[in-house]
Amino acid sequence: MRKLAVGIISALAGGTMLMFGGVATASTTTTAAPEVEIVDISPNPVVVKWGGETTASFKVNASSDVEKVELSVEPLTRGPRALAAKDIKPLEDWRFSVPFDSRDYEGKWRATAVAFDKDGKRVARDTSFFAVDIEKRRTKAATRIIGFEASPSRVFKGRSVNLSGRLLVKDGRGWDTVRNAEVSLFYRANGSSGWKWVDSDRTDRRGKFDTRTRPFKSGSYKAVYKGSFRTEGTSSDTEYVRVIRFRR
């Protein structure tokens with residue numbers, strides 16, 4: 001008896017194979033795994049001025065089945081130190097901003113992005129590397145106090161003496177005024193080896209300071225600027241004031 005094979009259908013695990021007239025065709029359906037990738041770090045390297053701060057931007061791409069992305073960064077030198085989560089600010093579209101300052105480690109750093117699904121399960125991870133460069137501390141600018149004067153140089157006991165002068169800083173163009181800087185005034189009485197603080201004043205837009213005091217004994221005065229992050233400290237020349245007692 002003659003038999004004619006019209007078709008055979010066979011179901012296999014993971015797919016369906018259809019056979020027609022001895023020719024087999026396989027059809028398999030697969031689901032892509034969740035993905036996450038750090039695609040940009042800007043700037044790279046992260047250059048930080050001494051005493052300043054630079055914010056770096058991190059851009060991450062993730063597949064549509066990713067519900068949340070977390071980013072962490074850590075230096076590869078002097079031992080790892082991951083920044084606290086509050087230091088990493090999430091922005092829109094899986095973008096993050098991270099501030100760096102001159103206290104951070106200099107050298108190579110690693111960024112790690114971790115993806116989570118809607119159930120909170122970690123489903124993907126990616127790492128990328130970047131550099132942090134800390135500019136070295138600059139040489140402080142020289143300063144000087146000019147025109148310091150204690151006036152009058154002879155005064156009756158209990159009367160006022162005016163203390164004034166100007167504070168200047170040296171820059172690339174020469175000497176310029178220092179604004180809103182605190183200058184302290186000191187007094188040393190005759191026969192004393194120590195200086196005592198009298199008063200302080202802040203310089204105006206011309207770098208000038210001006211204050212008054214009442215001496216009860218002859219002695220010397222000087223002005224002192226302690227300096228700042230960018231400027232050296234300096235001291236003025238001394239000015240002598242003679243105190244005259246009233247005669248009866």
Please name the pair of heavy atoms, one in [X] and one in [Y], separated by the smallest distance, quoted to 0.1 Å.
{"X": "Leu71", "Y": "Ala111", "value": "CD1-CB, 4.3 Å"}
{"X": "Pro34", "Y": "Ala124", "value": "O-CB, 3.7 Å"}
{"X": "Ser220", "Y": "Trp195", "value": "O-CZ3, 3.4 Å"}
{"X": "Tyr187", "Y": "Ser218", "value": "OH-O, 3.6 Å"}
{"X": "Asp65", "Y": "Ala32", "value": "OD2-O, 4.2 Å"}
{"X": "Ala189", "Y": "Lys217", "value": "CB-CD, 4.1 Å"}

Query - Salt bridge flag under 4.0 Å for residues Asp119 and Lys121 - result: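 Answer for the salt bridge query: no.
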Measuring from atom [atom1] of [X] to atom [atom2] of [Y], what distance do you get when rounded to the nearest 0.5 angstrom?
{"X": "Arg214", "Y": "Arg159", "atom1": "CZ", "atom2": "CZ", "answer": "9.0 Å"}
{"X": "Lys170", "Y": "Arg144", "atom1": "NZ", "atom2": "CZ", "answer": "8.5 Å"}
{"X": "Arg110", "Y": "Glu74", "atom1": "CZ", "atom2": "CD", "answer": "4.0 Å"}
{"X": "Glu70", "Y": "Arg125", "atom1": "CD", "atom2": "CZ", "answer": "12.5 Å"}
{"X": "Trp94", "Y": "Glu37", "atom1": "CH2", "atom2": "CD", "answer": "15.5 Å"}
{"X": "Arg166", "Y": "Phe209", "atom1": "CZ", "atom2": "CZ", "answer": "10.5 Å"}

When you measure from the side chain of [X] to the backbone of [Y], do you find a donor-acceptor pair of N or O atoms at a distance under 3.5 Å?
{"X": "Thr54", "Y": "Val46", "answer": "no"}
{"X": "Asp101", "Y": "Val48", "answer": "no"}
{"X": "Lys49", "Y": "Glu135", "answer": "no"}
{"X": "Thr177", "Y": "Gly207", "answer": "no"}
{"X": "Ser63", "Y": "Glu35", "answer": "yes"}
{"X": "Thr231", "Y": "Ala141", "answer": "no"}

Evaluate Asp199 against Thr213 for side chain to side chain contact (heavy atoms under 4.5 Å, CB included), listing each step before the verdict. CA-CA 8 Å; Asp199 198 3; Thr213 185; over 6 Å; no
Partners meeting side-chain contact (heavy atoms from CB on, under 4.5 Å) with Ser153 (sequence neighbours left out)
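Ser153 satisfies side-chain contact (heavy atoms from CB on, under 4.5 Å) with no residue once adjacent residues are dropped.
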Problem - Test side-chain contact (heavy atoms from CB on, under 4.5 Å) applied to Ser128 - qualifying residues, sequence neighbours left out - result: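 Here the qualifying residues are Ile38, Ile41.
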Is the number of heavy atoms from other residues, nucleotides or ligands within 6.0 Å of [atom1] ([X]) greater than 12?
{"X": "Arg202", "atom1": "CZ", "value": "yes"}
{"X": "Glu232", "atom1": "CD", "value": "yes"}
{"X": "Asn162", "atom1": "CG", "value": "yes"}

Does a donor on one side chain sit under 3.5 Å from an acceptor on the other, for [X] and [Y]?
{"X": "Asp201", "Y": "Thr211", "result": "no"}
{"X": "Tyr240", "Y": "Asn190", "result": "yes"}
{"X": "Ser184", "Y": "Ser200", "result": "yes"}

Original post:
Angle class for the Phe100/Phe58 ring planes (parallel below 30°, perpendicular above 60°, tilted otherwise)?
Top reply: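 Geometry flag for Phe58 against Phe100: tilted rings.
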Min side-chain heavy-atom separation [X]-[Y] under 4.5 Å:
{"X": "Val243", "Y": "Val155", "answer": "yes"}
{"X": "Val183", "Y": "Thr203", "answer": "yes"}
{"X": "Pro75", "Y": "Asp104", "answer": "no"}
{"X": "Ile146", "Y": "Trp175", "answer": "no"}
{"X": "Phe130", "Y": "Val132", "answer": "yes"}
{"X": "Val169", "Y": "Tyr225", "answer": "no"}

Do [X] and [Y] belong together in a cluster built from hydrophobic side chains that touch within less than 4.5 Å?
{"X": "Phe229", "Y": "Ile134", "result": "yes"}
{"X": "Val224", "Y": "Trp197", "result": "yes"}
{"X": "Leu185", "Y": "Leu168", "result": "no"}
{"X": "Val198", "Y": "Phe186", "result": "no"}

Please evaluate residues Phe116 and Glu67 with respect to the criterion side chain to side chain contact (heavy atoms under 4.5 Å, CB included), reporting the C-alpha separation (whole Å), side-chain torsions for both, the decisive distance (0.1 Å), and the verdict. CA-CA 6 Å; Phe116 299 83; Glu67 187 70 20; 5.7 Å; no
